[in-house]
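Values below: all heavy atoms of this structure, side chains included; hydrogens, waters and symmetry mates excluded. What you are looking at is a predicted structure, and each value in this text was computed from that prediction instead of being measured. All ligand and atom numbering here is 1-based and tracks the order in the structure.
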Amino acid sequence: MFSNELVMKLVSKKSELKAILEPLRVAGKQIGFVPTMGALHQGHLSLVTRAQKKNDVVVVSVFVNPTQFDNQEDLVKYPKTLAADQAMLEQIGCDVLFVPTVAEMYPEQVSAESFDFDGLEFEMEGKFRTGHFDGVGTVVKRLFELVEPHTAYFGKKDFQQYKIIKKLVKKYDLPVKVKGRPIFRESDGLAMSSRNTRLTEAHRDAAPMIFKILKKAKKKFGQKSIEELTQWVEKQFKKEPLLDLEYFTIADEKTLKTPNEISPSAKYRAFIAVFAGDIRLIDNIGLN
Ligand code: PAF
């Protein structure tokens, strides 16, 4: 983008970010945005590459948002690899890296605003991570208002988050297109996640079972009832002492609710959350 400079711009202040982006917006440049919490992997980079293909300028943010963590230990231990993140982004030609401090994003108090996402926030992750989506909504809204991207990109590993951000944009009439992108997986099927680096060797070896079970559940979908399928999944995880199933849910992609009956016109997805030791992993798969 900045043809006379090869170096990505690294900024931590909202005012600096605005000063860089405003003239580009005025010049009619399309701005693509990839919000992240850092510890970047190929999944994140694929979002950046997509954003580059579709936009003139790409902004990536790295901010470990304290208000979306319901567990302080998870927040403290969340991997922080800024130097490596910066190097990777520079290498693929990202234009702007925004790395704000907590005080920059939360100048008054470090707390989440309250959102009504029409019930999407009470399903699955919402049942197990109190206040999580208020935290996500708060930070993503602030980032959108700051970056004012034309399009923002999110991975579908966090499918519920993706749906909630679409809802946020609709409810607040934010002028940004929200694009969901496919899940990136390791060669053994484990969904890429910044948390994977914290797995012990034994838990890392056990973790590919999560996607294997999702794929088997997909095959069985339509042959077994939702209840039978859920029980079957629960039984499989009881056989693996290293993995502790938190939930397996089949839900309608639109409402994120488990249907009483399968409708041929609706789209369904299986969602799963599993503890591998104290690391919580989530994944999902489209069923039809
Ligand atoms: O998916 C994430 O990494 C985070 O939830 C997000 C969207 C960057 C908000 O902090």
Legend entry - side chain to side chain contact (heavy atoms under 4.5 Å, CB included) partner of V48, the single match among T36, V58, V59: V58
Legend entry - Sequence-distant partners of E228, salt bridge (charged side-chain N to carboxylate O under 4.0 Å, His left out), two or more places apart: none
Inset, instruction - Under 4.0 Å from a heavy atom of V139: give me the atoms of ligand 1 that qualify, with their elements. - result: 9 (C), 10 (O)
Inset, instruction - Provide, to 0.1 Å, the distance between atom 1 (O) of ligand 1 and the closest protein heavy atom, together with that atom's residue and name. - result: Q161 NE2, 2.8 Å
Inset, instruction - Check whether any N or O atom of D158, backbone or side chain, sits under 3.5 Å from an N or O atom of ligand 1, and answer yes or no. - result: no
Inset, instruction - Hey, could you give me each pair passing ring-ring contact (aromatic ring centres under 6.0 Å, His included) that has a residue in residues 224-265? Not counting sequence neighbours. - result: F128-Y247
Legend entry - Hphob cluster co-occupancy, Y172 + F154, side-chain heavy atoms under 4.5 angstrom: yes
Inset, instruction - Measure the distance from atom 10 (O) of ligand 1 to every protein heavy atom, then report the residue, atom name and distance (to 0.1 Å) of the closest one. - result: Q68 OE1, 2.6 Å
Inset, instruction - Measure I165 to ligand 1 on non-hydrogen atoms and call it side chain, backbone, both or neither using the 4.0 Å cut-off. - result: neither
Legend entry - Per-atom contacts of ligand 1 with T36, taking only distances under 4.0 Å to non-hydrogen atoms: 8 (C)
Inset, instruction - May I ask you to establish whether R195 and Y78 are in a cation-pi arrangement, using a distance under 6.0 Å from NZ or CZ to the six-membered ring centre and at most 45° from the ring axis? - result: no
